[in-house]
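Accompanying notes for the structure given below.
Chain A is the first sequence line, chain B the second, and so forth, proteins listed ahead of strands; every chain is numbered from 1.
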Protein chains: 2
Amino acid sequence: MVAAQAGVSRATVSRVVNGSPTVTPEIVESVNRAIAELNYVPNRAARMLASRRTQVIALIVPESSAKIFADPFFAQLVQGVALHLADTEYMLNMLIESEANSGKTRRYLLGGNVDGALVVSHHTGDHSYAQLNGTLPVVYGGRPLVPEDNEPYFVDVDNRGGAAAATEHLIGTGRRRIATIAGPQDMPPGFDRLDGWRGVMRANGLDDSLVAQGDFTVASGAEAMRGLLEREPGIDAVFAANDQMAVGAYQALAESGRQVPGDVAVIGFDDNSFAETASPALTTVSQPAVGMGQAMAELLVQIIEGRPHQDHLVLPTTLVRRASA
Amino acid sequence: MVAAQAGVSRATVSRVVNGSPTVTPEIVESVNRAIAELNYVPNRAARMLASRRTQVIALIVPESSAKIFADPFFAQLVQGVALHLADTEYMLNMLIESEANSGKTRRYLLGGNVDGALVVSHHTGDHSYAQLNGTLPVVYGGRPLVPEDNEPYFVDVDNRGGAAAATEHLIGTGRRRIATIAGPQDMPPGFDRLDGWRGVMRANGLDDSLVAQGDFTVASGAEAMRGLLEREPGIDAVFAANDQMAVGAYQALAESGRQVPGDVAVIGFDDNSFAETASPALTTVSQPAVGMGQAMAELLVQIIEGRPHQDHLVLPTTLVRRASA
DNA sequence: ATGAAAGCGCTAACAA
DNA sequence: TTGTTAGCGCTTTCAT
């Protein structure tokens with residue numbers, strides 16, 4: 001180690017580099033000077049090997065979700081993770097999990113190649129990596145679909161609260177025949193958003209039977225809306241579990257000659273580009289995607305470093321008022 | 001190395017693991033069996049340290065572009081990179097370059113922590129990392145803004161060809177007063193798309209002066225279209241350098257009471273969600289974002305491994321016909 | 001508070 | 001074809 005030319009031993013240089021408190025200030029300074037002069041950069045591999053710490057965090061994307069890169073929510077989440085990690089000494093390692101390499105990924109994770117893992121299971125609620133828990137710290141994005149014995153760490157957005165806020169807003173503006181286009185019930189966001197709507201409807205003594213289910217696509221939203229209108233022509237508002245389905249509802253509403261928000265108020269969820277470009281601009285529930293990524297990364301680092309931390313976080317959502325409700 | 005309990009030396013195990021051809025088949029088999037039984041996973045750090053190869057590829061995102069995660073093009077590009085790398089032994093390392101860590105990133109790259117780097121400079125054409133070339137293999141996404149001495153490796157999409165195809169389509173459908181809403185001319189895509197339009201206009205003896213410039217936002221597209229209409233009310237078609245600006249043009253056209261595509265045909269570029277959800281659905285030029293990511297990753301790996309390769313690739317774009325032209 | 005010395009787990013000459 | 005022998009560059013007891 002050339003930096004030892006600062007007149008001290010390699011061990012001392014190592015101490016300085018790692019911020020050991022047991023080094024004389026003067027020595028610290030001269031070592032730092034030598035480091036600067038020699039433009040020294042510690043070798044990561046050697047450090048890992050000797051310390052048995054990798055300073056690497058894995059971001060696991062289930063293959064089925066590889067396409068969700070196209071999902072702005074996911075993209076922002078990754079951005080949040082990267083942003084938080086940029087301030088730390090950790091590196092991000094993206095693993096796309098595919099059938100071909102499922103065992104490979106698991107072995108990689110358990111092979112001591114990373115200090116912890118982040119799993120994005122937003123859509124499926126699949127926490128199959130839970131088995132890693134106990135062996136390797138893992139933080140999930142999105143709550144597990146079903147509560148598990150070994151409560152995994154996770155960060156989620158307040159889907160229920162967001163849906164409730166949207167529904168309350170609708171009621172607050174005088175709507176009474178409020179329908180909802182729900183998402184798949186085997187996905188936590190789909191389930192929670194329906195649950196939030198239902199809770200508020202009941203609390204206000206309103207009919208909570210106007211439920212149609214879609215699969216988060218525009219087409220399914222249109223389809224669901226048509227069915228809803230057929231069942232109850234008097235609908236004066238609809239809460240869709242995501243923006244795409246809300247846009248689909250727009251289409252069905254237009255077909256039936258109804259105006260938004262004049263005849264029917266519409267609120268979506270996600271606040272993605274569909275909401276902004278829809279006409280009229282869609283009132284929707286915004287979720288802190290970047291913040292979720294940051295929170296996940298932060299939580300994982302806290303766990304890895306044995307610092308105090310929550311076991312899970314639920315981030316607040318906000319209603320974004322535009323023209324549709 | 002426990003696997004040596006297969007009755008051979010550590011060196012032989014290493015050879016088997018690394019697929020050396022100089023090992024007796026029988027031994028290979030027994031070693032593999034031992035590996036399986038002992039559930040052995042080679043330690044990455046040790047391997048890196050000894051071989052001086054990291055099997056890690058950095059993906060550098062200039063901070064100013066961190067937000068471009070929201071850009072579907074970028075998201076798909078990352079997906080492509082990850083998909084290609086999933087089939088190799090390389091890991092992906094995302095580095096978000098910020099002012100705070102600019103030197104840090106550079107040192108990290110030069111500190112032997114990665115085998116190569118991918119730089120996404122799509123929007124700016126900034127190839128400031130070119131200096132890394134020669135030290136570390138670097139492949140850029142998007143051509144450099146100005147040709148450089150040490151021609152860097154890059155993968156680009158055929159912006160000029162896409163623009164030309166769009167313009168030809170317009171001419172082919174009988175349009176003659178064709179305007180264009182160009183992007184910033186200090187960004188390669190902005191420049192090349194204008195250039196493609198101009199080339200075809202001239203080749204067909206048409207007026208190539210109907211140019212207005214925007215900054216790739218919806219608002220700038222509307223603004224540009226208004227100006228164009230003022231200069232030449234007889235415009236019967238417009239090619240916008242991206243979909244957002246095309247949507248902006250829709251707005252200006254609607255304000256002036258013109259129909260799309262009846263009075264004015266419109267073609268965009270990118271084929272993102274704006275194109276699909278616009279009404280009427282926007283005819284646009286689609287670029288292979290995922291393919292670009294894959295190509296970048298493939299090229300970099302070829303360079304790293306000293307295999308034969310191109311110095312740069314330009315991927316074809318395709319015209320996606322929808323309702324606006 | 002600092003140095004000496006022993007590895008971390010693997011690869012890569014060099015021998016055999 | 002296989003084994004031997006050195007390290008790769010750093011951290012970390014253990015002395016001092």
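Of the possible polar contacts, one joining the A:N93 side chain to the B:L92 backbone as a donor-acceptor pair under 3.5 Å is found.
Of the candidates C:dC14, D:dT11, D:dT1, C:dC14 carries the atom nearest the B:R15 side chain, counting heavy atoms from C-beta on. Taking every side-chain heavy atom of B:S51 into account, C:dT11 is the closest of D:dG9, C:dT11, D:dT2. The listed nucleotides are C:dT2, C:dG3, D:dT11; the one nearest the side chain of A:V23 is C:dT2. Checking C:dT11, C:dG3, C:dT2 against the side-chain heavy atoms of A:A11 singles out C:dG3 as nearest. With C:dA4, C:dT2, D:dT2 as the choices, the nucleotide that has an atom nearest any side-chain atom of A:T12 turns out to be C:dT2.
Distances shown here put a side-chain N or O of B:S14 below 4.0 Å from the OP1 or OP2 atom of C:dT11. Distances shown here put every side-chain N or O of B:S9 at or beyond 4.0 Å from the OP1 or OP2 atom of D:dT4. Contact annotation: A:R47 reaches the phosphate of D:dT11 (side-chain N/O to OP1 or OP2, under 4.0 Å).
As rounded to whole Å, 17 Å separates atom P of D:dG7 from atom CG of A:N43. Rounded to whole angstrom, the span from the CG atom of A:N18 across to the P atom of C:dT2 amounts to 15 Å. Per the geometry, CE belonging to A:M48 stands 14 Å off C1' belonging to D:dT11, to the nearest Å. Per the geometry, CZ belonging to B:R53 stands 17 Å off P belonging to D:dC8, to the nearest Å. In this entry the distance linking CG of A:N113 with P of C:dC8 reads 18 Å, nearest Å. Straight-line distance from the CD atom of B:E89 to the C1' atom of C:dT11: 16 Å, rounded to whole Å. Between the CZ atom of B:R44 and the C1' atom of C:dT11 there is a distance of 15 Å, rounded to whole Å. To the nearest angstrom, P of D:dG7 lies 17 Å from CG of A:L49.
B:T22 comes within 4.0 angstrom of a base, heavy atoms only.
Around the CD atom of A:E29, the shell of radius 6.0 Å holds no more than 12 heavy atoms that belong to other residues, nucleotides or ligands.
The aromatic rings of B:H312 and B:F154 sit parallel, their planes meeting at an angle under 30°, below the 60° perpendicular limit.
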